[in-house]
2 protein chains.
Amino acid sequence: MNTPLKDVAPEKRGRKQSKEVRRLQLIEATIDSLARRGYAETTMADVADGAGLSRGIVNFHFESKEKLLVATLQHMYDEYSAHWRSACNRAGDDPARQMAALVAADFDRAVCNRRKLAAWCAFWGEAKSRPTYQALCGARDAAYQNLFVELCRALKEDGAYGFDAQAMALALSAMLEGLWLRLMMGTEDVTRESALVAANEFLAAVFPRHYVRGAGVPEGKAIRIA
Amino acid sequence: MNTPLKDVAPEKRGRKQSKEVRRLQLIEATIDSLARRGYAETTMADVADGAGLSRGIVNFHFESKEKLLVATLQHMYDEYSAHWRSACNRAGDDPARQMAALVAADFDRAVCNRRKLAAWCAFWGEAKSRPTYQALCGARDAAYQNLFVELCRALKEDGAYGFDAQAMALALSAMLEGLWLRLMMGTEDVTRESALVAANEFLAAVFPRHYVRGAGVPEGKAIRIA
DNA sequence: CTATTTTGAATGAATGTTCAACAAACGAGT
DNA sequence: ACTCGTTTGTTGAACATTCATTCAAAATAG
């Protein structure tokens with residue numbers, strides 16, 4: 001017997017890892033292509049070239065172009081989900097801090113940069129006509145939305161506000177997504193910083209007893225935001 | 001009489017009108033295809049079939065696929081611009097009424113329906129990599145944005161609010177765009193009605209001295225919103 | 001030596017564009 | 001009113017190109 005792995009490893013870790021690394025490499029190249037050329041112009045050849053590999057390689061690691069794109073979208077979805085969950089956890093138990101953390105996380109360099117935003121938008125454009133994309137395309141998914149509703153409810157009770165929690169959560173998360181869209185288009189002089197300022201203006205206006213504007217001095221237990 | 005134009009019109013009106021009608025017919029078929037199949041899957045053949053015409057006809061009325069798509073985008077842009085300008089004019093001189101009218105106009109059936117929203121999103125997905133699209137793709141363009149800033153300024157002065165007008169205008173218009181995005185995705189149970197409610201919650205929260213929520217009784221000169 | 005990964009050319013399908021032929025509308029001359 | 005030649009609009013097949021996919025052969029790892 002020439003059993004190659006007999007004395008090295010029961011699980012062929014080297015192989016598997018290499019395979020996963022290559023998949024990631026191709027996914028990154030796909031994001032590049034989507035950002036640079038858009039969904040319609042993204043070709044298998046462009047992805048392979050971007051990764052510095054040969055033409056047929058993508059069909060080996062992913063079965064088809066369709067599956068490559070789904071894997072890419074899934075990758076971005078997982079990354080975004082992990083990002084906001086982590087930000088929320090790090091904020092502790094105070095709903096006001098959690099909300100501020102979620103908003104700030106949305107404009108963090110790690111997830112909010114031209115490359116990723118452009119890739120997101122490329123998928124958005126195709127989502128309506130592709131059920132497979134649709135589920136993954138709301139990076140702000142049902143779980144995210146529910147969290148926002150809960151936070152709005154908690155803040156409303158604590159601050160005795162008059163709004164409807166569900167409607168306000170919708171308005172808030174829609175604004176975050178709209179700001180992403182503006183950042184991506186990049187026509188106006190909207191930056192990550194000015195977008196975050198706008199979002200914080202919103203928080204200060206809607207939850208005046210929980211947030212105060214950057215320059216001001218925090219009163220009571222209100223949080224100062226940039 | 002069967003000499004139709006001899007004694008009727010020196011300019012061959014019938015001809016010209018027919019040509020424009022056909023162009024519109026093809027543009028509508030393009031919007032259909034974009035909404036049904038997405039940007040990447042929209043083909044000349046599909047557009048021609050959708051209009052019930054033969055394959056070569058699009059290249060006759062528009063020179064190329066690219067020009068057809070630009071004309072379609074321009075058409076949607078013009079329609080949207082005319083819509084919000086008209087809504088604003090009809091609202092009179094009061095900034096509070098103008099703002100409410102603009103927000104309501106955004107969720108009017110005429111511009112806010114699955115077909116049109118899907119077509120907008122299809123273009124958004126390609127805008128970043130195509131300068132020609134980019135200029136037209138912000139349906140909410142510089143003029144619209146400036147108007148929002150002015151209205152926010154006017155309301156701020158009148159109501160002695162503490163926010164930054166420019167930032168608040170950005171947050172507001174971003175929220176409207178974000179709500180469009182949610183409507184288009186159609187994953188959650190967001191409807192035109194619930195989107196408008198959310199937007200109005202925003203107005204009531206940010207401009208409390210100008211807007212009161214639907215059920216409440218208007219105090220002073222505040223406007224009741226749904 | 002065997003199994004896995006990579007290559008790059010071949011293949012076939014899809015699609016935008018062109019174009020020669022055809023149809024209809026039109027204006028002028030009779 | 002009735003042709004006739006011209007312009008305009010339309011058709012559908014032919015063409016060229018692009019691109020995803022396949023696969024036999026080569027390279028590499030085990």
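Proteins come first, then strands; the chains are lettered A, B, ... in the order of their sequence lines, and each starts at number 1. In what follows, every heavy atom counts, from backbone to side chain, and hydrogens, waters and symmetry copies are set aside.
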Minimum heavy-atom distance between B:Leu181 and A:Glu177, given as atom pair plus value:
CD2-CG, 3.8 Å
Please check: side-chain N/O of A:Arg23 versus main-chain N/O of A:His61, any donor-acceptor pairing under 3.5 Å?
yes
With the side chain defined as heavy atoms from C-beta on, B:Thr43 is closest, among C:dT17, D:dC19, C:dT15, to C:dT15
What's the shortest heavy-atom distance between A:Arg182 and B:Ala174, and which atoms?
NH2-N, 4.2 Å
What is the distance, to the nearest angstrom, from the CE atom on B:Met44 to the P atom on D:dA14?
20 Å
Output the residues of residues 46-55 of chain A in contact with DNA chain C, where contact means a heavy atom of the residue under 4.0 Å from an atom of the strand; sort by number or write none.
A:Leu53, A:Ser54
Using whole Å, report how far NZ of B:Lys65 lies from P of C:dT17.
8 Å
To the nearest angstrom, how far is A:Ile57 atom CD1 from D:dT22 atom C1'?
14 Å
Please give, in whole Å, the distance from D:dT22 P to A:Asn59 CG?
6 Å
Length of the NZ-P vector between A:Lys19 and C:dT5, whole Å
4 Å
Using atom CD of B:Gln25 as one end and atom C1' of D:dT10 as the other, report the distance to the nearest whole Å.
12 Å
Given atom NE2 of B:His61 and atom C1' of C:dT17, what is their separation to the nearest angstrom?
16 Å
Atom of A:Leu179, atom of A:Ala195 and distance for their closest heavy-atom approach:
CD1-O, 3.6 Å
Taking the six-membered ring for Trp, are B:Phe163 and B:Phe207 closer than 6.0 Å centroid to centroid?
yes
Pairwise 5' ranking along DNA chain D for A:Glu41 and A:Gly56, keeping only the more 5' one
A:Glu41
Which atom of A:Leu203 lies closest to which atom of A:Ala100, heavy atoms considered
CD1-CA, 4.4 Å
Closest nucleotide among C:dG16, C:dT6, D:dT21 to the A:Arg22 side chain:
C:dT6
Interatomic distance where CZ belongs to A:Phe62 and P belongs to D:dT22 [whole Å]:
16 Å
Closest listed nucleotide, where the reference is the side chain of A:Phe60 and the choices are D:dT10, C:dT6, D:dT21:
C:dT6
Should the pair B:Tyr133 and B:Phe123 be assigned to parallel (<30°), tilted (30 to 60°) or perpendicular (>60°) ring geometry?
perpendicular
